[in-house]
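Within every chain, numbering begins at 1; the chains are lettered A, B, ... in the order of the sequence lines, protein sequences first and strands thereafter.
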There are 2 protein chains.
Amino acid sequence: MPRQPDHPDLEDIQLARLFSALGDPARLRIMAVLADRSEHQREDFTVEVAPSTLSHHMKILREAGLTRHRFEGTRCFVSLRTDTLERFSAVLNSTLELVAADEEEAAAPRPHHRPAQS
Amino acid sequence: MPRQPDHPDLEDIQLARLFSALGDPARLRIMAVLADRSEHQREDFTVEVAPSTLSHHMKILREAGLTRHRFEGTRCFVSLRTDTLERFSAVLNSTLELVAADEEEAAAPRPHHRPAQS
DNA sequence: ACTGTACATCGAAGAACGTCGAACTTCGAA
DNA sequence: TTCGAAGTTCGACGTTCTTCGATGTACAGT
């Protein structure tokens with residue numbers, strides 16, 4: 001296990017890569033968890049995939065420049081990259097708002113803009 | 001050639017699909033052309049791909065809900081979908097700003113945040 | 001030193017993507 | 001009605017993605 005995984009330099013981060021990383025439902029759900037701007041560990045990401053698949057998605061987000069990974073013992077802590085968030089603040093902050101809203105909408109069974117018909 | 005291509009309903013547009021559509025350099029360049037909010041035709045999209053490939057990318061953008069296609073004779077006119085732009089205004093408007101800026105930066109050989117060293 | 005935990009990496013399978021040329025469709029013009 | 005132009009669709013090819021189980025690696029505890 002690498003003690004310090006490779007995070008791309010801020011100036012090497014490309015917009016297309018960011019969008020590509022965000023263009024997957026599973027990764028969007030990961031971003032929704034991270035939207036509170038705090039550091040999270042694996043157990044927080046309740047994504048219904050195999051552990052190896054979660055690792056894969058984490059790697060994509062990290063290599064796109066969206067997340068920062070920190071190791072402590074055998075544990076891995078993940079958080080948003082504040083420098084990337086700053087450089088692409090308009091796009092990313094609004095994205096985080098959207099995914100966080102989607103998440104709580106999915107959690108609370110309260111239909112609003114598409115009422116379920118009996 | 002279909003007289004009216006299928007555009008998805010506004011409420012069916014998914015964020016992951018939007019990002020996925022934006023996650024390609026060629027399509028991002030198309031979006032940069034459309035960023036002026038006016039209607040464009042094929043000649044405006046100076047993307048170095050075969051016509052069939054351009055059609056493919058156009059279809060992806062259309063099916064994601066980003067663009068509106070209008071036919072007049074044998075010609076196809078493309079513009080941004082204003083309803084989608086409104087619903088995801090924060091994300092999409094900032095994205096358009098970024099891609100438009102990237103485009104003019106690529107056009108004008110004026111380095112600013114990465115000065116070329118002699 | 002051994003064992004277990006936490007996570008990454010590998011290898012493989014199937015699906016999706018980007019690309020092209022060729023064939024097709026639709027329309028306008030001769 | 002015949003021809004060409006504009007654009008889409010089709011078929012193919014190679015690449016990349018998503019997913020998994022199995023294996024590997026680093027650390028913590030006994």
Any L18(B) side-chain heavy atom under 4.5 Å of F19(A) side chain: no
Any side-chain N or O of H69(B) less than 4.0 Å from the OP1 or OP2 oxygen of dG7(D)? no
Side-chain heavy atoms of L10(A) within contact of R81(A), under 4.5 Å: yes
Please tell me which of S20(B) and P51(B) maps to the more 5' nucleotide of DNA chain C, matching each residue to the nucleotide holding its nearest heavy atom. S20(B)
Are V49(B) and H56(B) close enough that some pair of their side-chain heavy atoms sits under 4.5 Å apart? no
Whole angstrom value for the distance that separates P of dT19(C) from CD of E48(B): 8 Å
Using whole Å, report how far CD of E63(A) lies from C1' of dC17(D). 13 Å
Determine: side-chain N/O of R75(B) to OP1/OP2 of dT26(C), distance under 4.0 Å, yes or no. no
Please state whether the base of dG21(D) and the side chain of S52(A) form at least one donor-acceptor pair under 3.5 Å? yes
Given dC20(D), is OP1 or OP2 found less than 4.0 Å from the side-chain N or O atoms of T53(A)? yes
Do the non-hydrogen side-chain atoms of H40(B) and T67(B) ever get within less than 4.5 Å of each other? no
Which one, dT18(D), dT8(D), dC7(C), comes nearest to the side chain of I60(A)? dT18(D)
Atom CG of D44(B) and atom C1' of dA6(D): how far apart are they, to the nearest Å? 15 Å
By the 4.0 Å heavy-atom rule, please label H57(A) as base, sugar-phosphate, or nothing. sugar-phosphate
Closest-nucleotide mapping onto DNA chain D: is R27(A) or R42(B) further toward the 5' terminus? I mean the 5' end. R42(B)
Taking only the side-chain heavy atoms of T74(B) (C-beta and beyond), determine which of dT26(C), dT19(C), dT18(D) contains the nearest atom. dT26(C)
When the distance from NZ of K59(A) to P of dT19(D) is rounded to whole Å, what number comes out? 16 Å
If you count every heavy atom of other residues, nucleotides or ligands that lies below 6.0 Å from E39(A) atom CD, does the total exceed 12? yes
5'-most by nearest nucleotide on DNA chain D - L54(A) or E72(A): L54(A)
Could you spell out the base pairing of DNA chain C in dot-bracket, with Watson-Crick or G-U pairs whose two distances are under 3.5 Å, [ ] crossing and | to another strand? ||||||||||||||||||||||||||||||
Taking atom P of dA6(C) as reference, at what distance in whole Å does atom CZ of R70(A) sit? 17 Å
Got R68(B) and T84(B) here, is their nearest side-chain heavy-atom distance under 4.5 Å? no
